[in-house]
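Here is the structure we will look at, set down as structure tokens.
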Amino acid sequence: MPTSDVVFTGGPIFTGAGHPLQRHAVAISAGRITAVVPESEIGSHVGESTRVIDLDGALLAPGFQDAHVHPVGAGVELLQCNLTEATDAASAVAAVHACAAANPEEPWILGGGWSMDHFPGGAPPRGLLDAVVPDRPVLLHSRDHHSAWANTAAMEAAGIDASTPDPADGRIEREADGSPAGTFHEGAMELFGAVRPETTAELAYRGLLRAQGELLSLGITGWQDALIGSAAGIADPLSAYARAIDEGTLLARVVGAQWWERASGIEQVEEFVARRDELTARGDDRLRLGTVKIMVDGVAENHTAAMLTPYRDGHGHDTHNCGMSFVDPARLREFVTALDAAGMQVHFHALGDRAVREALDALAAARDANGPTDGRHHLAHLQVVDESDVPRFAELGAIANIQALWAAHETQLDELTLPFLREGAELRHYPFGDFVRADVRLAGGSDWPVSSADPMDAIHVAVNRGYPGSDAPPLGGAHQRIDLATAMAAYTSGTAYVNHRDDETGSIRPGFLADLVVLDPDPFSLPTDEIHRSTVVSTWIDGTLVHSLHPDPVLELS
Ligand SMILES: [Zn+2]
């Protein structure tokens, strides 16, 4: 028997589902897993040149895969004016001031990462920016990318004033006299589209590599990029990926979700298919483009998520606003049916219970027209899901793409969202437990840079329904908790399934690619309220070490 390149031994092995194997070892040759055997049998796989890695009780798991992430935007944000570290309005403004001072030649100050809960009503005013940057345009998106904060110079550059109407798919916050107040929601951000400088191809490429480094350090070896195309002034990440493939710098395995342009129609389907097939013909499998991303609605914080019941005002009374359906439901059914027939996967952004229903209705229409397909369509975010819609996921083969980190009580949810939703809406929030009981497949994602990309933090919340150290009650009730093995599966084999890469990634099995992560302490050995303490020691792709916590990562036993 030829000996292996690498052998992992001395720790439990999470294979991608169920409870970890004990006293087993994993052998790797030429980038693939060649054996998963009892430790007593591993000797025959070890030769002179085999690198034997003693896990010393740490857990070996398939590399994490993120089912919904925006790496290029996140990386660019890290390289631009980055407000994600700000803890309140004052520190956000101070960070903008520092960016402007450090970049006197930049015609616009761009960046983002501000947090809605640092500002009254979630809407930062232009005056705060005017005070520190009066002479140059400033445009900064919110952490969730559904709103933008501008100073007066930016509005003047874009010709926006009191006479500018709200666009159909967005809203301008206004002062008493109708002047724009400084915050622009959803489609209103596009009012800056013509004047805002585009992200250069060079910056997008550097952003991708910066983000990849960050994701590898979190044990993430593959992902679904939730926005390929040009939208909201974000540069199309496709050219950055193409360059990374050409230069051999793309290490992770990626599926790109091509952006459904809401102003266009069904003619896009042909373009999506052409772009997918063109890439496949190039023969590099690191990036695939067989997915289309459709925004069904907005977000709950600014009352653009589509709900079955009206939002309430600050006094608890019903308003006439049920949020927005960005795509007319009848047209959505038509578009999804066409995409499904063309062999494309649909990745829905669906937050409110009405958006979830409209997406499922569209999948039902596609099923009626096309019969069952291998589309593996998925709905991301799923903030509020009506009980009657939960079993429909399994019936339609739809996957729940969860951002588990959001399933906890925190300020933005408790102060900006829950008071404005109908009585009892909290109980329908992120119903992961209901999904599992209804045999719905789960895939895990982060939506980074909207929130942290760290899968172990998300898995901690999936299991606890609360943040580490928090004494808040579990969001939606204890029955919405899921167990650790189920949560780990969502972020490994679950996302591999969504990405149509479950035939060779997401599990530790002979023949599979050796994309792996080592976690210490083993999360299965920890009390559930300490799962977050488990961190990444090393990350491997194709059996090669791509990230290591320690300069000398491994104990060589041989
Ligand atoms: Zn997203």
Side-chain angles (χ1 to χ4, degrees), residues 65-78 84 112-116 141-148 169-170 185-187 189-190 199 204 207-208 211 214-215 218 220 222-238 240-241 254-262 289 291-302 304-306 324 326-327 345-352 355-356 359 377-384 399-407 412 430 443-455 458 490-491 495 498-499:
Q65 299 191 29
D66 190 318
H68 182 120
V69 63
H70 306 280
V72 176
V76 166
E77 223 167 273
L78 291 175
T84 55
W114 55 271
S115 187
M116 296 185 95
H141 38 74
S142 59
R143 203 163 289 184
D144 68 7
H145 289 246
H146 290 272
S147 306
D169 61 350
H185 300 295
E186 302 296 340
M189 293 188 283
E190 273 311 296
T199 304
L208 172 60
E214 195 77 15
L215 293 170
L218 297 172
I220 296 167
W223 60 77
Q224 184 157 135
D225 188 314
L227 205 171
I228 298 285
S230 303
I234 307 161
D236 186 352
L238 188 54
Y241 281 112
V254 181
V255 169
Q258 305 188 56
W259 177 249
W260 180 273
E261 189 53 63
R262 300 201 284 277
L289 289 177
T291 303
V292 171
K293 163 83 173 296
I294 300 183
M295 296 277 292
V296 182
D297 66 344
V299 294
E301 289 82 357
N302 63 18
T304 55
M324 292 180 167
F326 287 159
V327 183
Q345 173 182 71
V346 183
H347 178 159
F348 297 94
H349 163 116
L351 262 113
V356 171
H377 309 299
H378 51 122
L379 284 70
H381 308 328
L382 303 167
Q383 182 164 346
V384 185
I399 298 133
N401 181 338
I402 63 172
Q403 283 62 58
L405 190 65
W406 303 351
Q412 184 155 317
Y430 308 112
S446 67
D447 209 4
W448 186 52
V450 172
S451 49
S452 156
D454 189 336
Y491 284 82
T495 300
V498 156
N499 277 347

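Order of listing sets the numbers, starting from 1, for every ligand and every atom in it. Note that the structure is a prediction, hence the values are computed from the model and not measured. Computation of the quantities below employed the complete heavy-atom set of this structure, encompassing side-chain atoms and omitting hydrogens, waters and symmetry-equivalent molecules.
The Zn ion (ligand 1) is closest to atom OD1 of Asp447 (considering only N, O or S atoms). His68 contributes atom NE2 as its closest N/O/S atom to the Zn ion (ligand 1). Taking the Zn ion (ligand 1) as reference, the nearest N/O/S atom within His70 carries the name NE2.
With hydrogens and angles ignored, the 3.5 Å screen pairs no side-chain donor or acceptor of His68 with any backbone N or O of Ala226.
The aromatic rings of His381 and His349 sit perpendicular to each other, their planes meeting at more than 60°, with 30° as the lower class boundary.
Between the side chains of His145 and Glu77, a donor-acceptor pair is found at a separation under 3.5 Å. A donor atom on one side chain and an acceptor atom on the other are not found under 3.5 Å apart for Glu301 and His146.
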